[in-house]
Amino acid sequence: MLFSALGVSALLAGNALAAPAPVPDGGVGVRPNDTAPVYHTMTDFDFQSLNLGLNQEWIELDLFNYGVERFSAEEFASAGITAEDISLIQFMANQEVGHATLLTNILSYGGRTPAKQCKYKYDFETVRDFVNFCQRLTRWGESGVYGFLPHLDSRPSAQLLLQSITTEARQQMIFRQLSGAFPMPVYFETGISQSMAWTLLSPYIVECPAENPHIEWQNFPWLSVTNEPSLLVDGYEAAITHNRTSLTEPGRQVTFEWDAPGKTTGYNSSYNTTVGGNVTDLTPQYAAWISQLNVTYTPLNVTGNNTGFTYQPGGVVFNTTDDGVVNGTMFIALTDTDLYVTPYNLSLLNDHILAFGLYQAD
Ligand SMILES: *[C@@H]1O[C@H](CO)[C@@H](O)[C@H](O)[C@H]1NC(C)=O
Ligand SMILES: *[C@@H]1O[C@H](CO)[C@@H](O)[C@H](O)[C@H]1NC(C)=O
Ligand SMILES: *[C@@H]1O[C@H](CO)[C@@H](O)[C@H](O)[C@H]1NC(C)=O
Ligand SMILES: *[C@@H]1O[C@H](CO)[C@@H](O)[C@H](O)[C@H]1NC(C)=O
Ligand SMILES: *[C@@H]1O[C@H](CO)[C@@H](O)[C@H](O)[C@H]1NC(C)=O
Ligand SMILES: *[C@@H]1O[C@H](CO)[C@@H](O)[C@H](O)[C@H]1NC(C)=O
Ligand SMILES: *[C@@H]1O[C@H](CO)[C@@H](O)[C@H](O)[C@H]1NC(C)=O
Ligand SMILES: *[C@@H]1O[C@H](CO)[C@@H](O)[C@H](O)[C@H]1NC(C)=O
Ligand SMILES: *[C@@H]1O[C@H](CO)[C@@H](O)[C@H](O)[C@H]1NC(C)=O
Ligand SMILES: *[C@@H]1O[C@H](CO)[C@@H](O)[C@H](O)[C@H]1NC(C)=O
Ligand SMILES: *[C@@H]1O[C@H](CO)[C@@H](O)[C@H](O)[C@H]1NC(C)=O
């Protein structure tokens with residue numbers, strides 16, 4: 001009423017009601033005369049990182065659909081998962097179609113052929129195992145992207161990938177809830193390198209179309225925690241959250257078995273495992289616990305050919321009460337040295353890794 005009575009242009013001219021949006025010094029791509037964003041890869045690093053991400057989106061699409069089709073409503077119900085929950089998983093599969101479309105568009109620049117969907121293998125037999133596998137797979141999917149996102153040459157592509165991975169983060173949490181776990185037991189979600197993520201993903205891909213670009217990241221030998229606890233043992237059903245007894249605690253003896261390098265992995269027998277480029281002795285010295293903002297080392301006691309143990313470390317990020325550096329679904333590497341790395345240079349650890357795996361701390 002007031003504006004139309006006075007006339008908008010008369011009101012605004014030379015008036016303090018109009019002001020340019022402030023752009024403090026610095027920043028990239030935030031001024032009208034800055035180069036307009038282009039949403040494509042700029043380097044091989046970008047292409048290989050995003051194509052790895054695309055392979056991850058494709059397996060998620062397959063996995064969520066497969067689980068929904070394989071199990072009956074009764075089987076889901078016996079795990080505390082309702083018809084509405086099943087629809088949510090189905091919606092997540094649809095989200096993956098969108099994510100795969102987005103990455104395919106970004107990667108197609110310059111006439112390149114992005115990865116197409118492959119054939120996969122899974123080793124779960126029950127609904128509980130299915131949702132538990134989903135919370136593990138989305139854990140490395142999410143962390144695998146955080147590890148490279150700020151290192152991409154193409155910031156516009158990073159923006160789009162960021163907007164997909166925040167959705168994936170929600171999927172990860174929901175699968176923890178469907179597994180009866182505490183949904184988000186850490187203050188910070190960790191990043192891992194592309195080679196770490198590829199190591200965890202590759203065993204589940206059986207066959208890919210011939211035109212899929214070769215994945216240039218490394219496959220480390222597989223690390224198994226032979227006394228790894230499971231979220232499923234205590235019989236907690238799907239829920240928004242549960243207060244439950246921690247699965248592990250500092251001082252716990254954690255036993256390992258790991259593969260020697262030179263094992264075939266990935267699709268079509270196209271990839272071999274290798275140890276880090278700086279490793280000169282095949283006997284690992286440390287376990288590296290990768291979670292939150294931290295990489296924490298504990299000495300490894302080697303007990304045989306590719307077996308050994310260590311003790312779970314304590315230590316916290318910020319809060320001494322509930323912010324332990326070991327919690328949730330996290331990562332462990334066996335290394336030849338206790339290299340000091342921080343979240344932005346964590347990939348420098350690659351050259352010192354002898355085996356890599358997951359750890360279900362909580
Ligand atoms: C863009 O505009 C700002 C403010 O007008 C000016 O300071 C800056 O030099 C311009 N940048 C380029 C690349 O033209
Ligand atoms: C993998 O094997 C399948 C079946 O033999 C074949 O169709 C496909 O082209 C192969 N892919 C690659 C990347 O070699
Ligand atoms: C849940 O755990 C929190 C902290 O770990 C505690 O303060 C709270 O009393 C617990 N609540 C219930 C209902 O057990
Ligand atoms: C894997 O290693 C074996 C044995 O060293 C070798 O014969 C094979 O060519 C390698 N395959 C790839 C894909 O590098
Ligand atoms: C790793 O190896 C490279 C050469 O391959 C060498 O330049 C570098 O110093 C080594 N780094 C460490 C930490 O040993
Ligand atoms: C490694 O474990 C064995 C068996 O428990 C023990 O005898 C040995 O002292 C341990 N070595 C180290 C360095 O902790
Ligand atoms: C390790 O392997 C070697 C050769 O395969 C064998 O002689 C040795 O007994 C093994 N050691 C242990 C502790 O299993
Ligand atoms: C974990 O990282 C945080 C942030 O850098 C640091 O404050 C804390 O001391 C680290 N905790 C341990 C146990 O190293
Ligand atoms: C740490 O957590 C405790 C209990 O969970 C809370 O009371 C306290 O305020 C937290 N301290 C900080 C510094 O966040
Ligand atoms: C780990 O997370 C649980 C929630 O699942 C929390 O109750 C516990 O305090 C955390 N442990 C540590 C050591 O921070
Ligand atoms: C990683 O970055 C930290 C600083 O955040 C630095 O102190 C450390 O030396 C770096 N690690 C390597 C292996 O370069």
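Just so we're clear, the structure is a prediction, and the values are computed from it rather than from any experiment. Residue numbers start at 1 and run along the sequence shown. Counting starts at 1 for both ligands and their atoms, in listed order.
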Heavy-atom distance to atom 14 (O) of ligand 6: which of Thr303, Asn301, Thr310 wins?
-> Asn301
Between the side chains of Gln171 and Glu96, is a donor N or O closer than 3.5 angstrom to an acceptor N or O?
-> yes
Have Thr310 and Thr298 got a donor and an acceptor in their side chains that come within less than 3.5 Å?
-> yes
Quick one: does atom 7 (O) of ligand 6 have a protein heavy atom under 4.0 Å from it?
-> no
Using protein heavy atoms only, decide if any is under 4.0 Å from atom 11 (N) of ligand 9.
-> yes
Any luck finding a side-chain donor-acceptor pair between Asn51 and Gln48 under 3.5 Å?
-> no
Any protein heavy atom < 4.0 Å from atom 4 (C) of ligand 3 = no
Shortest protein heavy-atom distance from atom 13 (C) of ligand 9, along with the residue and atom involved = Asn319 ND2, 4.3 Å
Ligand 9 atoms nearer than 4.0 angstrom to some heavy atom of Thr321 are 1 (C), 2 (O), 3 (C), 4 (C), 5 (O)
Greater than 12 external heavy atoms within 6.0 Å of Tyr109's OH | no
Hey, what's the ring geometry for His242 with Tyr236, parallel, tilted or perpendicular (30° and 60° as the breaks)?
-> tilted
Show which atoms of ligand 3 fall inside a sub-4.0 Å distance from at least one heavy-atom site of Asn243.
-> 1 (C), 2 (O), 3 (C), 8 (C), 10 (C), 11 (N), 12 (C), 14 (O)
Do the ring planes of Phe331 and Phe356 sit parallel (below 30°), tilted (30 to 60°) or perpendicular (above 60°)?
-> parallel
